[in-house]
Amino acid sequence: HTSHLLNPRRYSTHLRRPLAVLLPFDEPMSTVAASVGQELADELRWGSTGGGWRSMWACAGFANLLSSAGLLGTLGAVSTTSGASWLSAQLFYSPEFHGRVAGSDPDGLHDFVLEWMESYRVMNEEAIAAYKSLPAEDQASARFCNSTGLANDETLRDTTAREAAAQFCETLIYFDGDWAGYVDQMLRYAAAGYGDGSFAERRAEADNRVDGLGGTDLYVQSALVPNTRVRSGDDGADRDGIFYVGTGRGGGGNGTEVYGVVLSAAYVVNSTSSHYSYSTESALRGDLTVETPVAGTTAREFSFGDWDGFGLYPADDGSVRVDVRRVEAEGRRFAPAFGGGSPTVAQVSAISSAALGQHSPLAPSVFAQAMSANRPADGDGQGRFDERAAAMYDAPLLDKFAVCGQWPGTCGPDDGIFVDGGFADGPTLATNVAQFQLGGGDMDRTLRVIITNTNQGWGTDYQHSLILQYFDSPSNGGVEPGGFVWHPGFYLPQQSLRIFEEALDGPGLDALLEPIDGSNMTTALLSGTTIDSPSLGVMAGQSVEVLLINLNEPITTFVMTPVVIERNAAPLAEMARNVASNVELRARVRRFAEGGGGGSEIAGPSAGAMQGAAENDGGASKDVNSSGGDDAEGGTSGAGTEGAPSSDPSGGVSLVVDRRSIAVGVLGGIGLFLQ
């Protein structure tokens with residue numbers, strides 16, 4: 001239904017004008033900047049996990065705090081994924097947004113969050129109204145919603161949740177499952193509301209950065225799927241086309257070697273260029289045109305057995321590189337993403353946040369890996385699950401959950417498809433360090449990286465793995481940097497992000513956390529020395545200090561549909577204000593930036609602690625109900641939720657967006673009943 005997509009310009013006259021920008025600082029900006037120093041002795045950087053709308057507005061609070069501390073404009077780089085990338089795109093490329101976030105006091109930020117969310121709510125309401133105005137034959141959501149069993153699900157505890165589920169279904173059908181289209185409309189409506197109507201079309205390139213961030217690099221984290229399915233136009237065909245990202249190396253026998261896991265795909269904007277950096281040794285500094293598309297065919301009917309070689313859960317013998325039977329490899333080259341020019345802010349925001357992209361049937365090996373983590377071990381349950389997976393694989397409605405590299409155009413055989421960046425590097429730390437080095441940064445200079453983990457809560461396998469993956473830890477023991485690993489709690493396997501020589505385990509990490517009085521937040525100071533990781537572009541010998549800030553805010557991640565927006569707008573605004581106004585957090589951040597530390601140092605976990613972590617975190621006891629994207633603890637990455645379906649402590653409705661529920665229930669219903 002792309003012809004029915006909303007035009008936000010029709011409604012811009014009804015949206016509130018931005019308020020005057022205030023200077024809220026409790027001490028003059030000149031004084032703050034002078035106390036920090038115009039040029040810090042060490043390189044200061046900021047990276048963030050995702051987490052949908054919670055992440056975007058938590059990062060707005062952090063940006064406001066950094067600004068009031070005189071640090072925002074001194075940052076060497078900002079790296080983000082998923083919902084945090086919605087924040088960074090607007091912060092870097094909209095003067096109006098930058099002024100409202102970085103130039104307001106915490107109360108002004110609170111009010112701005114409410115204004116933005118109101119514009120976004122209007123967009124959702126108009127989409128649902130437009131859907132209901134479509135001819136009856138185009139309104140499939142009632143049949144779809146009933147087929148999933150959502151209307152009678154025992155976890156829907158109130159009528160609001162049932163209403164939210166229906167609205168979610170209607171929105172999904174209206175946008176034809178097009179995640180990029182949804183993100184584009186969200187940004188258009190919001191930007192019209194704060195007075196920057198041309199924002200969504202603005203190019204994400206160096207010369208367009210706002211004045212306050214003109215000297216700060218931006219890295220938008222995404223993930224490239226390793227193979228793409230092209231549906232055959234012949235209804236009677238039993239096979240579809242498939243195109244793999246080849247390694248450029250020959251395989252055994254008649255095969256050829258291709259990549260078997262998602263690849264890190266960071267969109268990089270620095271002082272000299274804007275380009276994509278992929279986690280292959282040959283494509284770290286430019287587009288993937290140096291790699292070879294390997295063409296083949298794949299069965300139209302889905303079977304887990306077809307993808308055993310790609311490392312299905314628990315994937316004890318998985319590999320980053322896989323041999324496949326080659327149909328052709330010569331004479332083809334990958335097309336540059338988005339036509340080879342600088343993408344728009346809407347395009348990079350979409351590819352960074354496609355948090356359900358792993359369920360797109362156009363990403364077949366990733367689809368199989370994601371589904372395998374929830375597959376029953378045997379028996380009738382496995383058979384029913386396999387039937388539902390096959391039905392999902394046959395449902396075109398799910399195709400656009402992953403984002404075509406030529407969106408809003410269509411993808412051909414030589415185009416890549418992207419999913420949420422949290423599947424490649426959730427906290428974006430490896431990307432941040434690698435890009436400093438790839439850009440010719442001084443290896444003798446200490447990197448100081450603030451990592452904001454915009455999570456719902458601490459203590460799960462996923463949350464531990466999110467940080468431990470960068471160290472010598474139990475879950476990546478024996479894995480070479482860049483090698484195949486499926487961390488506890490992660491929904492997909494990935495390339496190992498180990499970049500530090502130091503060892504760290506779960507108990508050791510927990511011991512470093514220090515609470516911030518009057519808030520849910522905790523911080524820890526981590527230290528590491530880099531090791532060589534050629535596929536990531538990291539070189540050995542760089543000293544890195546990390547200030548980890550855990551948000552621990554129990555607000556649902558998916559804030560979609562009018563009823564969910566209405567229930568979560570106020571908690572999101574209050575959260576942003578609380579982060580921005582936290583005096584102790586500001587003091588810790590400034591001490592860290594000045595080299596004085598912001599928490600505890602790693603003293604080196606004991607052998608006993610490492611053994612305990614191996615028993616508790618590692619082995620076969622992976623929590624497969626958690627995911628490996630950017631913030632989810634009970635589902636997948638990116639804009640996913642954390643935890644099982646439940647009433648949200650903040651008053652939000654988390655059920656309609658719980659990742660496991662969607663993957664196994666809602667999406668299964670789509671596959672079975674919308675063929």
Side-chain angles (χ1 to χ4, degrees), residues 5-22 52-61 63-64 83 86-87 89-91 94-131 160 163-164 167-168 170-171 174-175 182-200 346 349 353 553 555-580 639 648 650-653 656-657:
L5 289 180
L6 303 177
N7 180 357
R9 296 179 181 83
R10 293 171 52 197
Y11 310 101
S12 60
T13 57
H14 302 291
L15 301 176
R16 298 175 64 181
R17 302 293 298 173
L19 300 176
V21 174
L22 303 176
W53 290 260
R54 182 186 66 250
S55 179
M56 177 171 65
W57 293 122
C59 285
N64 183 281
W86 304 337
L87 179 282
Q90 295 174 92
L91 190 68
S94 172
E96 291 81 3
F97 185 91
H98 183 275
R100 298 296 299 278
V101 167
S104 295
D105 64 11
D107 289 337
L109 177 62
H110 170 275
D111 294 344
F112 178 58
V113 175
L114 294 178
E115 292 176 35
W116 196 103
M117 294 299 291
E118 174 60 15
S119 299
Y120 172 52
R121 184 193 65 79
V122 170
M123 169 261 193
N124 278 264
E125 280 196 342
E126 295 289 351
I128 291 172
Y131 163 80
T160 304
E163 182 182 3
Q167 290 180 347
F168 176 78
E170 292 168 350
T171 303
Y174 176 76
F175 279 95
Y182 186 86
V183 171
D184 177 74
Q185 289 295 298
M186 175 185 74
L187 294 176
R188 289 177 184 274
Y189 265 72
Y194 57 72
D196 191 359
S198 62
F199 167 72
S349 295
S353 61
E553 189 66 40
I555 296 177
T556 188
T557 308
F558 262 114
V559 185
M560 299 174 66
T561 75
V563 67
V564 180
I565 295 168
E566 289 171 1
R567 294 185 65 172
N568 285 281
L572 288 168
E574 188 64 23
M575 173 196 67
R577 176 165 58 188
N578 290 341
V579 170
D648 197 68
S650 67
V653 182
V656 297
V657 292

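One-based numbering along the sequence shown.
- Side-chain contact between Y120 and M560: present, with at least one pair of heavy atoms (C-beta onward) separated by less than 4.5 Å.
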Next item on the list: Kindly indicate, with the supporting measurements, whether the criterion side chain to side chain contact (heavy atoms under 4.5 Å, CB included) is fulfilled by N568 and R54.
Entry: CA-CA 9 Å; N568 285 281; R54 182 186 66 250; over 6 Å; no
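- Closest approach of N124 and P562 over heavy atoms only: CB-CD, 3.8 Å.
- With sequence neighbours left out, the ring-ring contact (aromatic ring centres under 6.0 Å, His included) criterion links F97 to F112, Y194.
- In this structure, S104 OG and H98 NE2 are separated by 11.0 Å, a value rounded to the nearest 0.5 Å.
- When all heavy atoms are compared, the tightest approach of V101 to A63 is CG1-CB, 4.0 Å.
- Side-chain contact between P95 and D196: present, with at least one pair of heavy atoms (C-beta onward) separated by less than 4.5 Å.
- Pairing each heavy atom of A346 with each of V183, the nearest pair is O-CG1, 4.5 Å.
- Here the CD atom belonging to E115 is positioned 4.5 Å from the CZ atom belonging to R100, to the nearest 0.5 angstrom.
- In this structure, E566 has no side-chain hydrogen bond (donor to acceptor under 3.5 Å, both in side chains) partners at least two apart in sequence or on a different chain.
- Closest approach of N64 to A580, counting heavy atoms only: OD1-CB, 3.4 Å.
- Contact of the W86 side chain with the M186 side chain is registered, since non-hydrogen atoms from C-beta on lie closer than 4.5 Å.
- A donor-acceptor pair under 3.5 Å is absent between the side-chain atoms of D184 and the main chain of A200, judged by distance alone.
- Between L87 and C59 the shortest heavy-atom distance is CG-CB, 3.7 Å.
- Contact of the L109 side chain with the R577 side chain is not registered, since no non-hydrogen atoms from C-beta on lie closer than 4.5 Å.
- Each of M117, E118, H110 was evaluated against L114; a single residue qualifies, H110, per the side-chain contact (heavy atoms from CB on, under 4.5 Å) test.
- A distance of 11.0 Å separates OG in S55 from CG in L572, rounded to the nearest 0.5 Å.
- Residues E553 and W57 have side chains that never bring a donor and an acceptor to within less than 3.5 angstrom of each other.
- Contact record, E170 with I128: OE1-CG2, 3.2 Å, taken as the closest heavy-atom pair.
- Using a distance-only test at 3.5 Å, with no hydrogens or angles considered, no donor-acceptor pair links the side chain of E163 to the main chain of V563.
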Next item on the list: Decide yes or no on side chain to side chain contact (heavy atoms under 4.5 Å, CB included) for V122 and Y189, but give the supporting numbers first.
Entry: CA-CA 8 Å; V122 170; Y189 265 72; 4.0 Å; yes
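- Ring-plane geometry between W53 and Y182 is classed as perpendicular, the angle between the planes exceeding 60 degrees on a 0 to 90 degree scale with a lower cut at 30.
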